[in-house]
Undergrad: 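Below you will find the structure I want to go over with you.
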Amino acid sequence: MDKLHFSGHDSFICKQFWLKKGYDFISENKSFSDDTAVIDLGVGKNMVGSIRYWLKSFGIADENDSLQHVSDYLFAENGKDPFIEDIGTIWLLHYHLVAQGKASIYSLVFNQFRKERFDFTKSHLHNFIKRACLETESNYNENTVNTDINVFLKNYTKPKTGKISVEDDFIGLLQDLDLLKQYKLTNVEAKEFSNWYKIDNEKREDLPFQIVLYAILNKLKDQENSISFKEMQIGFNAPGLVFALNAEGLFNKIKAITEYYPEIIFSETAGNQVLQFKSKPEKFEVLNDYYQ
């Protein structure tokens, strides 16, 4: 496993329009190190670095601030969803955030931590990350990891009803996915005990099957023309893990895929469940089918 990284966001979650704002900034050949970046982006100084971090973490730009194909596809003048108004786009961006692996906590949580437990406290997650740092010989700093956990939770948790802090909570990009739930456990005396979180496997009715197919195609190597149901369910960066799909939900997505694409067949022979491709569609053509 590669070295793990847990900083760069300056404690800011990814806000609703930051990726589009950053995309336009780079498209205009501007530099994040310019003195005018604060004015051009219309944010505070610390937020400039955070926007740059999230662009890289979501795979919108690479380490050299070069825009990637998915960014043009979504955010260009004729892009499919430049202002991220479609829930499918948010699922697609969530997938890229996890699969990219730049912001390590997202890959760790969805690919590994949830195999151990769906319900957790900050302490559970922190101990898991600490162990992962030791196993990968990555730098570990308690405060940095705590900050990263807080940002992770805020990215997916909808603001509580009542007073909302614009700086901390307003319109986080990933909150509408409803992936992460927060609740409190109490002791026998009914006193507040601790904050708990859970990411359950569900059917994910609002997750487009084309986004699932896009993730499957990303897993397949050029010469591979089939993938097992188990691999789609629990393989690294598999849709079952990344999208927190239960078995029924994944099966429903596969059924929709095979009904829409006759060249893709799901077979169940002697207990072996396999998705087979007579021909593999190009993954951005699959996205075109969704956005048409």
Side-chain angles (χ1 to χ4, degrees), residues 12-27 51 54-61 67-100 102-103 106 110 152 154-159 169-181 199-219 232 237-246 249-250 252-261 264 281-292:
F12 294 108
I13 67 171
C14 187
K15 307 295 178 67
Q16 181 73 31
F17 300 113
W18 275 13
L19 297 184
K20 169 62 173 171
K21 192 186 290 280
Y23 172 85
D24 290 342
F25 181 83
I26 295 177
S27 296
I51 290 175
W54 288 119
L55 287 171
K56 294 176 182 179
S57 297
F58 280 95
I60 302 303
L67 294 172
Q68 302 301 287
H69 181 47
V70 69
S71 63
D72 290 326
Y73 182 84
L74 292 173
F75 302 131
E77 185 175 349
N78 295 317
K80 298 298 183 182
D81 190 13
F83 300 106
I84 314 180
E85 299 171 300
D86 193 300
I87 190 66
T89 303
I90 305 177
W91 279 115
L92 177 64
L93 290 169
H94 161 77
Y95 166 76
H96 274 275
L97 177 62
V98 175
Q100 188 75 13
K102 167 71 175 176
Y106 299 87
F110 286 95
F152 168 83
K154 285 183 179 180
N155 262 327
Y156 289 102
T157 307
K158 290 184 178 181
D169 298 318
F170 185 61
I171 313 182
L173 176 62
L174 302 170
Q175 291 167 357
D176 283 342
L177 297 180
D178 202 26
L179 271 167
L180 187 145
K181 308 283 196 311
I199 305 175
D200 285 332
N201 284 342
E202 299 178 5
K203 291 183 182 180
R204 308 292 172 197
E205 302 286 0
D206 65 348
L207 170 62
F209 68 85
Q210 293 94 339
I211 305 299
V212 174
L213 178 55
Y214 176 94
I216 292 171
L217 291 169
N218 255 354
K219 271 191 67 66
M232 290 185 285
N237 285 336
L241 292 182
V242 174
F243 301 124
L245 281 164
N246 60 24
L250 179 58
N252 289 343
K253 303 303 179 187
I254 292 171
K255 182 179 178 182
I257 288 170
T258 57
E259 288 176 349
Y260 193 91
Y261 298 96
I264 305 176
E282 201 279 323
K283 61 185 181 181
F284 281 96
E285 289 300 320
V286 170
L287 293 184
N288 286 341
D289 291 337
Y290 173 67
Y291 287 108
Q292 63 185 0

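Residue numbers run from 1 in the order of the sequence given.
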Undergrad: Are side-chain heavy atoms of P239 and I216 found at a separation under 4.5 Å?
TA: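 Yes, close enough: below the 4.5 Å cut-off.
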Undergrad: Under 30°, 30 to 60°, or over 60°: which ring-plane class applies to F75 and Y23, parallel, tilted or perpendicular?
TA: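 Ring orientation of F75 relative to Y23: tilted.
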Undergrad: Does a side chain donor of either N288 or Y73 reach within less than 3.5 Å of an acceptor in the other side chain?
TA: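 Side-chain D/A pair, N288 to Y73: present.
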Undergrad: Considering residues, nucleotides and ligands other than K203, do more than 12 of their heavy atoms fall under 6.0 Å from its NZ?
TA: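 No, the 6.0 Å shell around NZ holds no more than 12 heavy atoms from other groups.
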Undergrad: Between N237 and K219, does the side-chain hydrogen bond (donor to acceptor under 3.5 Å, both in side chains) criterion hold? Intermediate values first, please.
TA: CA-CA 7 Å; N237 285 336; K219 271 191 67 66; over 6 Å; no
Undergrad: Charged N to carboxylate O below 4.0 Å: is that the case for E205 and K253?
TA: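 No salt bridge links E205 with K253.
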Undergrad: Taking C-beta and beyond as the side chain, do L92 and L287 meet within less than 4.5 Å on heavy atoms?
TA: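 They are in contact (side-chain heavy atoms under 4.5 Å apart), so the answer is yes.
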Undergrad: Do I254 and F209 come within less than 4.5 Å of each other through their side chains, counting heavy atoms only?
TA: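 Counting from C-beta outward, I254 and F209 never come under 4.5 Å.
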Undergrad: Just wondering, more than 12 heavy atoms not from E77 lying within 6.0 Å of its CD?
TA: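 Check fails, neighbour count at 12 or below.
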Undergrad: When the ring centroid of Y156 is compared with that of F152, is the distance short of 6.0 Å?
TA: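 So the answer is yes for these two rings.
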Undergrad: Identify the two heavy atoms, one from I13 and one from G172, that lie closest to each other, and give their separation to 0.1 Å.
TA: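 So the two residues come closest at CD1-CA, 3.7 Å.
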Undergrad: Using the benzene-type ring in the case of Trp, are the ring centres of H94 and Y106 under 6.0 Å apart?
TA: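 When the ring centroids of H94 and Y106 are compared, they turn out to be at least 6.0 Å apart.
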Undergrad: Applying side-chain hydrogen bond (donor to acceptor under 3.5 Å, both in side chains) to Y291 and D86, what does each step give before you reach the verdict?
TA: CA-CA 9 Å; Y291 287 108; D86 193 300; 5.5 Å; no
